[in-house]
Amino acid sequence: QNPQWDGGVPPVLVLVGLAYAGNVGTIVRTAVQANAFAEIMIVDAEDGSPPVKAADVDYYSVMNAPLAALRRFGTAATFLAHARGSGRKMVA
């Protein structure tokens, strides 16, 4: 656990609709190295583009992805349902 969270609810990083594996991997790698988030949530694009594959996230994050708690959601609606039920404060 990161000491900067001071016993509060640790922040999560939410990536929505990113279609390029390299972009997702770079963001995941940076987030893991910064140790600023307890979890990374990936919400797939809903425009018909194929979702970024887990293997690509691992590769493009330079194998940092396995060091993070990653959770995937197929739609924004399923993510929002999860977020509303988690008791977390949502900040845009």
Side-chain angles (χ1 to χ4, degrees):
Q1 176 157 343
N2 188 324
Q4 72 188 17
W5 297 334
D6 295 327
V9 178
V12 298
L13 175 63
V14 181
L15 306 176
V16 180
L18 297 176
Y20 299 104
N23 292 347
V24 175
T26 298
I27 294 168
V28 168
R29 179 177 66 246
T30 303
V32 169
Q33 294 299 317
N35 194 28
F37 302 98
E39 189 172 15
I40 300 170
M41 299 182 184
I42 300 172
V43 182
D44 293 331
E46 295 184 62
D47 63 359
S49 59
V52 174
K53 297 176 190 164
D56 288 339
V57 174
D58 288 349
Y59 176 79
Y60 287 107
S61 72
V62 191
M63 297 311 292
N64 278 273
L67 302 175
L70 292 174
R71 184 175 294 188
R72 304 259 334 218
F73 297 90
T75 65
T78 56
F79 163 72
L80 289 172
H82 167 78
R84 288 184 185 114
S86 72
R88 289 185 179 272
K89 177 180 173 184
M90 289 191 271
V91 179

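The first residue in the sequence is number 1, and the count goes up from there. Since the structure is predicted, the reported quantities are computational estimates derived from the model, not experimental observations.
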Between L80 and R84, does a side chain to side chain contact (heavy atoms under 4.5 Å, CB included) hold up when you go through it step by step?
CA-CA 6 Å; L80 289 172; R84 288 184 185 114; 3.6 Å; yes
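- By the 4.5 Å heavy-atom criterion applied to side chains, I42 and V52 are not counted as neighbours.
- A chain of hydrophobic side-chain contacts below 4.5 Å, direct or via other Ile, Leu, Val, Met, Phe, Trp or Tyr residues, connects F79 to V16.
- A distance-only check finds no donor-acceptor pair linking the side chain of R72 to the backbone of D44 [under 3.5 Å].
- Here the closest heavy-atom approach between residue D56 and residue A21 is recorded as CB-CB, 3.6 Å.
- When all heavy atoms of F37 and V12 are compared, the closest pair comes out as CD2-C, 3.5 Å.
- Taking OG of S61 as the start and CD1 of I27 as the end, the distance is 11.5 Å to the nearest 0.5 Å.
- Taking OG1 from T26 and CG from L18, the interatomic distance works out to 10.5 Å, rounded to the nearest 0.5 Å.
- A donor-acceptor pair is defined here as one N or O able to donate and one able to accept, closer than 3.5 Å; no such pair exists between the side chain of E39 and the backbone of R71.
- Closest heavy-atom contact between R29 and Y60: NH1-O, 2.9 Å.
- Between A19 and S49 the shortest heavy-atom distance is CB-OG, 4.1 Å.
- Of the listed residues (V32, D58, V57), just one forms a side-chain contact (heavy atoms from CB on, under 4.5 Å) with P66, and that residue is D58.
- In the hydrophobic clustering of ILVMFWY residues, with side-chain heavy atoms under 4.5 Å counting as a link, L67 and V28 come out together.
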